[in-house]
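This report concerns only the one structure given below.
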Amino acid sequence: MKILAAIKQVPARDTQLRVDTDARWIEEPDASEINEPDAYALEEALRLKEAHGGEVIALCAGPEAASQTIREALAKGADRAIHVEEDALHRFDVLGVARILAAAAAAEKPDLILTGLQSDDLGSGQTGVVMAELLGYAHATIIMQVEAQGSGIRVKRELEDGWFQHVDLPLPAVLTIQSGINRLRYATLMGIKKAKSKEVRKLTAAELGVPPAASVVLDRVYAPLRVKRTVMIEGPAAEQAARLAAILRDEVRVL
Amino acid sequence: MKILVVMEHSRGAWHRMSWETLAAAQALSADVEALVAGHETGELAQELARKRLSRVHAMESPLLAEYTADAFTATVAGAVERIRPDLVLFPHTYQSRDFAPKVATRLGRVLVSDVIRLRDDNGLVMTRQLFQGKLNADYRAAGPGPHFASLQAGVGRADAVEAGSAEIVTVRLDHGEPSRAVPHPPFRESSRAIDLTAAELIVSVGRGIKEKDNIGIVEDLARALGAELAASRPICDNGWLPMERQVGSSGQTVAPRVYLAAGISGAIQHLVGMKGSKTVIAINKDPDAPIFEIADYGIIGDLFEVVPALSAEVRKIKG
Ligand SMILES: Cc1cc2nc3c(=O)[nH]c(=O)nc-3n(C[C@H](O)[C@H](O)[C@H](O)COP(=O)(O)OP(=O)(O)OC[C@H]3O[C@@H](n4cnc5c(N)ncnc54)[C@H](O)[C@@H]3O)c2cc1C
Ligand SMILES: Nc1ncnc2c1ncn2[C@@H]1O[C@H](COP(=O)(O)O)[C@@H](O)[C@H]1O
């Protein structure tokens, strides 16, 4: 199976976010990491390859700095990578980003494209579905299990309220992978060494024929307004704990 | 502004968020139409016809009896082309996640997903969250419609849907092509051993706990309080606690008297599972964590210091 895993680099979870001066995006974060569900998508791709043979290609659109995340994917076992280098990806809307990724994917003719369910930065939750439509592939979302079956695959979809559903799909297909589908591996020293000699093909959106256009305009990025007045308990930890315990006794009355 | 609301139902029952979306549409415009797609949707369409709507579109086909992305995309995209609304709204459900982006793409449009606020300010302004709720962003619909958006829970209020009467337009469809995906019947995993929905007190732990071995300190607080232990999704994804302790859109929905969240950021998928709690207490080292937006009491601090101290104070009071 030839499998493409779409991985995005996002600001690391614990970094401070600063809105940029024109309030259109954020300033360069201090630290970045792979988008969480994408780590699970990559892991699932590697497991499918280990079970059925084939190739895993990591696909990433992002700035030069995203090379770090691409290297990590190669160190974990991806065979090669495609890096669509774009400094200001936020000038493209979701459709634009999906067009970039779909154009890069089309040239590879993969059997399976795995994306994360949702990005931690934009949180659109739709790039995979849009790619499937652009490529004419079948798709399924919020996937918790993938099994080869005959000439196609059987997947387990997460539904709401603790329900699940199996769906059979022909290949080629796009799946959006939910966090928790598998247990993530760490890169080995050997893997890190090998990654250095693996191919990373660099492309640009312009070369793929996708101009930066947005039919929906991002007007303004801002910190959310607090609607609720939270009673903040200040002081050193011991004092905070004592006051909260008193509140639980006297105000909330559960002690 | 003509708005088309795509309603969701399964096995004869409406998805509650459909009504919320309909209410949000009514608040925005006098010209709202609703669409229901399925097989034998007569009664559902009748119910819609008693709301303040310009028209109800019942899209009927045996191929729509079970949801598939292929059939629903063809149906809704076709309907949008015929009805020509300025704005198409979906509830941001798992089903919409699966096909609404496909509908928009087929029509060459962009879906603004997971919108938490919708308003008309010299044009349509849609607010959605970025960075898991740490920032908000306003998006403006530019140029001619149709524009597409999916609405998160709580944008409109289901009980605010206005009554009225509307004509029903029934369209019997005959898509030549069957779906590529073959869905099997939905099922639940083995029954839950732990029922958090009945718990009076819940202490919930998030990724701020860092390692599995640290969970003991939160468990100890739960024990001191006589509370159930719950968790955010990453804790269960990592196998640190069983899935059945997960609270949120893909876990349990709880409404205890007290919900104490330690090291939980407050992503929307977590909040929908616990925001009905009577009193919410949050312990988080990040003053900007979204959990503080819904917390009644907040402690900005290190849970590794605060939680053990709190367990000791609780035990002191309980004697
Ligand atoms: C379709 C879908 C369904 C989902 N379903 C669910 C669901 O049912 N339930 C769910 O919970 N999530 C769900 N999620 C995931 C959700 O989006 C978030 O990723 C998740 O809730 C984050 O968990 P968290 O708050 O524990 O972790 P994080 O977001 O990483 O937050 C950790 C928090 O801990 C704080 N912290 C760190 N160290 C300390 C310390 N020493 N002391 C105090 N605080 C500290 C940090 O400031 C941070 O706020 C779902 C996502 C999707 C896309
Ligand atoms: N710039 C990108 N590069 C690679 N993959 C991406 C990119 N943007 C989105 N994706 C993929 O699409 C998924 C969903 O993203 P989103 O639609 O933004 O929530 C992510 O989890 C990634 O797998």
Side-chain angles (χ1 to χ4, degrees), chain A residues 11 17 19 26 93-95 98 120-126 129-130 132-134 138-142 158-160 162-170 179-180 183 215-224 226-228 230-233 237-238 240-242 244-245 247-249 252 254-255, chain B residues 69 93-94 97-98 101-102 105-106 109-114 125 129-132 134-143 180-184 186-189 201 233-234 236-237 249-250 257-258 279 281 288 292-302 305-306 309-310 313-314 317-318:
Chain A
L17 303 175
V19 176
I26 55 158
D93 55 25
V94 196
L95 183 56
D120 284 345
D121 53 356
L122 271 177
S124 299
Q126 51 168 316
V129 179
V130 176
E133 174 67 14
L134 292 172
H139 83 271
T141 50
I142 323 192
E158 189 176 297
L159 305 177
E160 288 170 28
W163 290 85
F164 295 91
Q165 174 181 46
H166 286 114
V167 178
D168 296 337
L169 287 170
S179 296
R183 288 284 128 80
S215 63
V216 189
V217 183
L218 204 178
D219 221 20
R220 191 168 72 96
V221 174
Y222 54 98
R226 291 271 149 76
V227 243
K228 186 153 182 173
T230 305
V231 177
M232 283 296 178
I233 303 167
Q240 288 175 318
L244 180 55
I247 287 169
L248 287 171
R249 180 190 56 203
V252 188
V254 290
L255 287 185
Chain B
T93 58
Y94 281 29
R97 280 171 172 274
D98 197 63
K102 199 169 159 70
T105 305
R106 185 157 300 177
R109 312 296 302 182
V110 173
L111 169 77
V112 182
S113 53
D114 211 346
V125 179
Q129 297 184 326
L130 299 179
F131 302 99
Q132 305 232 335
K134 293 193 192 85
L135 295 175
N136 280 359
D138 285 350
Y139 288 83
R140 238 172 222 287
R180 289 170 291 181
V182 180
H184 294 266
F187 62 93
R188 272 184 195 263
E189 307 276 65
L201 308 175
R233 176 155 187 143
C236 303
D237 282 348
S249 65
S250 50
R257 280 178 71 191
V258 176
T279 300
I281 301 167
D288 295 326
F292 287 123
E293 275 160 57
I294 66 148
D296 299 279
Y297 299 96
I299 288 182
I300 298 167
D302 184 347
E305 294 174 18
V306 177
L310 183 58
E313 291 292 341
V314 168
I317 291 176
K318 284 193 160 177

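This one's a predicted model, so the numbers in the text were calculated from it and none came from an experiment. Lettering of chains follows the sequences in order, A, B, ..., and the numbering in each one begins at 1.
The closest side-chain heavy-atom distance from V252(A) to R257(B) is not below 4.5 Å. Looking at I247(A) and I281(B), their side chains never come closer than 4.5 Å, going by heavy atoms from C-beta outward. Within the 4.5 Å cutoff, the side chain of V94(A) has no heavy atoms near those of the L111(B) side chain. When side chains are defined from C-beta on, Q240(A) does not count as touching L310(B), because their heavy atoms never get closer than 4.5 Å.
Contact between A309(B) and A238(A) at its shortest, heavy atoms only, is CB-CA, 4.5 Å. Minimum heavy-atom separation, F131(B) to P11(A): CE2-CG, 3.6 Å.
With a threshold of 4.5 angstrom between heavy atoms, D93(A) approaches chain B through side-chain atoms but not through N, CA, C or O. Interface remark: K134(B) contributes backbone and side-chain atoms alike to the contact with chain A (heavy atom separation under 4.5 Å). For A140(A), the part sitting under 4.5 Å from any heavy atom of chain B is the backbone (N, CA, C, O) and nothing else. Of the atoms belonging to L159(A), heavy atoms from both backbone and side chain fall under 4.5 Å from chain B. Both the backbone and the side chain of I233(A) have a heavy atom closer than 4.5 Å to some heavy atom of chain B.
In terms of heavy-atom pairs under 4.5 Å with chain B, the best-connected choice from P170(A), G123(A), A242(A) is A242(A). Ranking T93(B), L135(B), D138(B) against chain A, the residue ahead of the rest is D138(B), based on heavy-atom pairs under 4.5 Å. In terms of heavy-atom pairs under 4.5 Å with chain A, the best-connected choice from S250(B), P101(B), A142(B), G301(B) is P101(B). When V221(A), L134(A), V19(A) are compared by the number of non-hydrogen pairs under 4.5 Å with chain B, V221(A) comes out ahead. For the set R220(A), E158(A), E133(A), the count of heavy-atom pairs under 4.5 angstrom toward chain B peaks at E133(A). The choice from I299(B), V306(B), D288(B) that makes the most heavy-atom pairs within less than 4.5 Å of chain A is I299(B). The candidate with the highest count of non-hydrogen atom pairs below 4.5 Å against chain B, out of A98(A), A245(A), A223(A), A132(A), is A245(A). Chosen from V125(B), I317(B), D302(B), I294(B), the residue pairing most often with chain A at heavy-atom distances under 4.5 Å is I317(B). Counting heavy-atom pairs closer than 4.5 Å to chain B, the top-ranked of the candidates V216(A), L169(A), L248(A) is V216(A). Of the listed residues E313(B), E305(B), H184(B), the one with more heavy-atom pairs under 4.5 angstrom with chain A than any other is H184(B). Comparing D296(B), V314(B), L130(B), N136(B) by heavy-atom pairs within less than 4.5 Å of chain A, the highest count is held by N136(B).
Judged by distance alone, with hydrogens and angles left aside, the side-chain atoms of E160(A) form a donor-acceptor pair with the main-chain N or O of Y94(B) at under 3.5 Å. Formation of a donor-acceptor pair under 3.5 Å by the R233(B) side chain with backbone atoms of S179(A) is found in this model. Using modelled atom types, one side-chain atom of R183(A) and one backbone atom of D237(B) make a donor-acceptor pair closer than 3.5 Å. With hydrogens and angles disregarded, a donor-acceptor distance shorter than 3.5 Å links the side chain of H139(A) to the backbone of D98(B). Side chain of T230(A) to main chain of A295(B): a donor-acceptor pair is present (N/O by atom type, distance under 3.5 Å, no hydrogens or angles).
Rounding to the nearest 0.5 angstrom, the gap separating the CG atom in L122(A) from the CG atom in D114(B) is 12.0 Å. Separation of atoms CZ (R140(B)) and CG (L218(A)) is listed at 11.5 Å; rounding is to 0.5 Å. A distance of 14.5 Å separates CZ in R180(B) from CG in D168(A), rounded to the nearest 0.5 Å. The distance from the OG1 atom of T141(A) to the CZ atom of R97(B) is 8.0 Å, given to the nearest 0.5 Å.
Aromatic ring pairs are classed by plane angle as parallel below 30°, tilted from 30° to 60° and perpendicular above 60°; the pair F187(B) and H166(A) is parallel.
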